[in-house]
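Below: the structure, in structure tokens.
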Amino acid sequence: MIFDTHCHGYLEGLNHRQPQVRENMCAANVRRSVQVGVDWELSRMALDLARDWGDQTWCSIGLHPTSCQDLPANSAQGWADRLESLVHHNRDKAVAIGEIGLDYYHLTPGKETVQKRTQREFFCAQAALSLRLDLPVIIHSRDAADETSNLLKECGIKRAVIHCFSEDLTFAQDLLAWSDEVYFSFSGILTYKNAVAVQDAARNLPLERILVETDAPFLVPQAARDSITINEPAFVRHVMDYLKTLRSEPGDFVERQVWENSNRFFRLV
Ligand SMILES: [Zn+2]
């Protein structure tokens with residue numbers, strides 16, 4: 001059984017074909033998913049989807065760095081308060097805060113300094129929220145590895161997943177030393193030929209800290225890439241199969257361990 005720990009099933013490409021998406025998940029034995037929010041509206045859509053899909057689907061609520069970088073930095077606390085009330089009324093479905101983080105790849109030329117500062121403000125406000133609510137955070141980090149790891153420590157965040165892991169083993173080891181509740185989630189990137197450093201990390205990290213995800217509708221795994229442009233939760237099977245080829249443990253054991261990790265991380269029974 002596989003848990004797609006990070007997808008956006010409410011986005012275009014997936015939202016109009018929900019029955020098919022769910023059927024494909026069943027066929028691939030992808031039993032559970034977390035629908036991840038990226039801004040206020042889409043967090044609400046993630047929540048609606050988690051309700052529609054019933055008892056094997058949950059959601060996360062949060063503001064992605066590129067969703068907040070052009071907002072006033074001093075509005076971060078107000079936004080965190082709004083998110084808090086949304087989570088508060090939906091504790092059965094909202095299992096994480098995210099995705100939050102730092103994205104220094106999508107900065108607007110000329111606005112880099114202010115956007116970086118704003119991203120940090122929103123990161124800290126939402127990190128504090130996760131501690132208040134006792135929820136884990138889903139971290140997006142792009143071109144900002146050192147800053148992300150410093151900020152996690154500054155904010156005192158121990159329960160976190162580095163989603164769509166695309167850094168190297170050194171970055172992961174630094175975080176492993178910081179927390180025994182930090183996880184690393186591998187996406188279709190793991191299956192790409194040039195992802196040597198990512199594969200090296202997946203090979204060497206403790207198995208009990210590994211999760212898998214699709215980030216659907218983005219990042220179609222290599223095995224489906226020739227014919228398909230829209231990723232979907234069922235394709236997390238390809239990520240899992242690839243992970244098994246990298247690990248020394250038996251395949252069944254890898255699949256079971258990653259399933260258990262996912263449920264432990266989100267505290268699901
Ligand atoms: Zn995502």
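Sequence positions, counted from 1, serve as the residue numbers for this chain. Indexing begins at 1, ligand by ligand and atom by atom, following the structure's order.
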For Asp215, the N, O or S atom at the shortest distance from the Zn ion (ligand 1) is OD1
Over 60° means perpendicular and under 30° means parallel, so tell me whether His238 and Phe235 are parallel, tilted or perpendicular. tilted
State whether His163 contributes an N/O/S atom found under 2.8 Å from the Zn ion (ligand 1). no
Identify the residue among Asn263, Asp55, Asp4, Thr5 that makes a side chain to side chain donor-acceptor pair (under 3.5 Å) with Arg32. Asn263
Taking backbone and side chain together, does His8 place any N/O/S atom at a distance below 2.8 Å from the Zn ion (ligand 1)? yes
Between the CZ atom in Arg203 and the CD1 atom in Ile210, the distance rounded to the nearest 0.5 Å is 11.0 Å
Taking just the N, O or S atoms of Glu99, which one is nearest to the Zn ion (ligand 1)? OE2
Do the ring centers of Phe3 and Phe266 come within less than 6.0 Å of each other? yes
